[in-house]
Chemist: 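Before anything else, here's the structure in question.
As the structure lists them, so they are numbered: ligands from 1, and atoms in each ligand from 1. No experiment lies behind these values; they were computed from the predicted model shown.
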Amino acid sequence: MNVDLHTHTYPASDCSRIPYRDYVGWCVANGVEGVALTNHGDVDDNRKLEGALAAEGVLLLHGSEISTLYGDFVVFSPDLDYLAGFRALQDLPHAEDLDENAALVWVHPGAGGGRSHSAYFSGIERMVAHVVDGVEVFNGNWLGERYVAVAEQVAARLGVARTAGSDAHDAARLMTCYTELPDPVRSTADLVDAIKSGATIPHRRATPGRRRRLGIF
Ligand SMILES: [Zn+2]
Ligand SMILES: [Zn+2]
């Protein structure tokens, strides 16, 4: 399954311009099988959208993006009550606070923290290595060579899963980057397993216009 592992909706993410009806509509119109909703410290839209998407045959995967002094991270977990405990701006979680059924992906590492305004510096990966299960190597907003190079370097140094997500704030940008999950994924728990076992293949689309063809995901 090909899944966009980094998306935002309005109003749960006030920076997004995708109301949840448009989000469902886009997924259905484009034959999306699964998508991860990763708003900033807010899972309200995950609760609202899960049933609506399931009714259309689209699997919603749950995540929450947090901004820390080390950069931005998405926590994936099947447990929405657990995810609801994370905040848009907060400390990097301690390893002992991370549920064993959760996976932590360091998103756009080269771009630093979106809300914390932290900056990446070489070697910072050593400080987060104990909690990171994956690194987002392709982010739809940060596809410049420099950002991709930093992310690839960090992923290689940490020896963790490589993921991709659009970080879309507009519906037209959904799936510009996505992660191929070769093993069957029926739930967020399966996604967490895939990340922890490194069974993820990141992709980016060079020509956004092509993604509109039905059923190509
Ligand atoms: Zn971010
Ligand atoms: Zn984001």
Chemist: Could you check Leu37, Asn46, Asp79, Val43 and say which one makes a side-chain contact (heavy atoms from CB on, under 4.5 Å) with His62?
Modeler: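 So the option named by the test is Asn46.
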Chemist: Hey, are Asp42 and Arg47 close enough for a salt bridge, meaning a charged N less than 4.0 Å from a carboxylate O?
Modeler: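 Result for this pair is no, no salt bridge flagged.
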Chemist: Looking only at N, O or S atoms, find the one in Glu65 nearest to the Zn ion (ligand 1) and name it.
Modeler: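 It is OE2 of Glu65.
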Chemist: Check whether any N, O or S atom of His169 sits under 2.8 Å from the Zn ion (ligand 2).
Modeler: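 No, His169 does not qualify, because none of its backbone or side-chain N, O or S atoms lies under 2.8 Å.
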Chemist: To the nearest 10 degrees, could you say what angle the Zn ion (ligand 2) makes with NE2 of His8 and OD1 of Asp167?
Modeler: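 It rounds to 90°.
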Chemist: With the Zn ion (ligand 1) at the apex, how many degrees lie between OD2 of Asp72 and NE2 of His108, rounded to 10 degrees?
Modeler: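 It is 100°, given to the nearest 10°.
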Chemist: In sequence, state the C-alpha distance, the side-chain angles, and the governing distance for Lys196 and Asp183, and then conclude on salt bridge (charged side-chain N to carboxylate O under 4.0 Å, His left out).
Modeler: CA-CA 13 Å; Lys196 291 197 168 191; Asp183 299 329; over 6 Å; no
Chemist: Describe, in one word, how the ring planes of His108 and Trp142 are oriented to each other, choosing from parallel (under 30°), tilted (30 to 60°) and perpendicular (over 60°).
Modeler: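 Taking Trp142 first and then His108, their aromatic rings sit tilted (interplane angle of 30° to 60°).
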